[in-house]
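Working notes, structure below.
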Amino acid sequence: MNEPLRAAVIGAGYWGPNLARNFRTSPHWDLVAVCDLDEAKAAKVVGPRSTVEVMTSTEALLARDDVDAVAIATPASTHAAIAMAALRAGKHVVVEKPIADNSADAQAMVDLADERGLVLMVDHTFCYTPPVLKIRELVADGSLGDVLFIDSVRINLGLVQPDVDVFWDLAPHDLSILDFVLPGGLEPVGIAAQGADPIGAGQTCVGYLTLPLASGAIAHVHVNWLSPTKIRQMVVGGSKQTVVWDDLQPQQRLTVYDRGVELGAEQPDKATTNISYRLGDAWAPALPEREALGAMVAEFAGAIREGRAPRTDGRAGLRVLKVLEAASRSLADGGRLVTGSTVEVSA
Ligand SMILES: NC(=O)c1ccc[n+]([C@@H]2O[C@H](COP(=O)([O-])OP(=O)(O)OC[C@H]3O[C@@H](n4cnc5c(N)ncnc54)[C@H](O)[C@@H]3O)[C@@H](O)[C@H]2O)c1
């Protein structure tokens, strides 16, 4: 029961090596193989004098019976085909974000995993970082009160991608965090996306995503490849407290403000309401410094062992993907608020 599970990593480009390193150092896992179409890339990840095998054929890898699970870190357009083949071969799957490049394929992945009783997980890496786990806890235990607004900024000088726009490149991170921290997950009642390509790169490079929520709250995400300054900040405003996450401040990534606005009694003239401002303390929760992917691979093993859904399961990946698709529709329609059945993201 406590023997390590056996994993293989498919895709040894930029991100795959991080997955391989974490499977290798995890007590829950034994890394059996690294597979890439480019043998040299896989060999580089494995390194010299290693028992980890280098493979170039996904088919041959999936035919092995000494592999319990695979981690897919290939380009998004290939996720569904590889994941479906892995599930058919009886392997548990963790796939990189975004889960697939369209929601029909993602739905098929979720359905097949259910049918086969296999774990399908998405590597929504930020959901395993100490600040995001703390924000989720502060929302869930009522410390923040009702969530009134979320404002997320993820901007820097980014690599302009040939095949995806800035929403598909960067917003999966923000959306997966919203899905993770909001009670009930990411279920906006509408989606509006505005964007621009002011340098003529052929892709939207600056993007603004607005997500009204059923509670009357609103979330906003700003993603941008053209900003010379790097900002990674999220504000979660609550009726009791507000938390500010600045990921570029390792000494104090989170600050909780016991400050806010309160509505008092209606004035006798009934035309105005008394608004008061609460100016309390600010405090910084102590957070451990640890690599998120270590917690992610541990969660993958836990879900397989306990036969339960992982924290960031295929359904979470599908909810994020449906929001991205609705954002693309809104963008193509001049930024109109897309509402109704087209934004139903329940999976
Ligand atoms: N979680 C995160 O924070 C994070 C960060 C970066 C990238 N990613 C995701 O990781 C995935 C990979 O991104 P990347 O930047 O590493 O891409 P990359 O292009 O650097 O690497 C992809 C690798 O996959 C290999 N490959 C392609 N098709 C294959 C197949 N059929 N079988 C085996 N190997 C195949 C390629 O040869 C290449 O080495 C993407 O989905 C991306 O969104 C996630």
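Read the numbers this way: they start at 1 and go in the same order the structure lists the ligands and their atoms. Source: prediction; values computed, not measured.
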Got an N/O contact under 3.5 Å between Asp38 and ligand 1? no
Under 4.0 Å from a heavy atom of [X]: which atoms of ligand 1 are those, numbered in the order shown and with their elements?
X	value
Thr58	32 (N)
Gly11	24 (O)
His79	41 (O)
Pro75	22 (C), 24 (O), 27 (C)
Lys41	38 (C), 39 (O)
Thr125	1 (N), 2 (C), 3 (O)

Looking only at non-hydrogen atoms, which of [options] approaches [atom] most closely?
atom	options	result
atom 9 (C) of ligand 1	Gln161, Lys97, Met55	Lys97
atom 26 (N) of ligand 1	Ile99, Thr78, Thr74	Thr74
atom 37 (O) of ligand 1	Asp36, Val164, Asp123	Asp36

Where does Thr56 meet ligand 1, judged by heavy-atom distances below 4.0 Å: at the side chain, the backbone, both, or neither? neither
Could any protein non-hydrogen atom be found less than 4.0 Å from atom 21 (O) of ligand 1? yes
With distance as the sole criterion, is a donor-acceptor pair present between the side chains of Asp247 and Trp245 under 3.5 Å? yes
Does a donor on one side chain and an acceptor on the other come within less than 3.5 Å for Trp225 and Asp169? yes
Would you confirm whether Asn22, through its side chain, and Gly294, through its main-chain N or O, come within 3.5 Å as a donor-acceptor pair? yes
Would you call the rings of Phe300 and Trp29 parallel, tilted or perpendicular, taking 30° and 60° as the class edges? parallel
Arg315 and salt bridge (Lys or Arg N to Asp or Glu O under 4.0 Å): which partner among Asp179, Asp111, Asp114? Asp114
Considering all heavy atoms, the nearest Leu287-Lys134 contact: CD2-CB, 3.8 Å
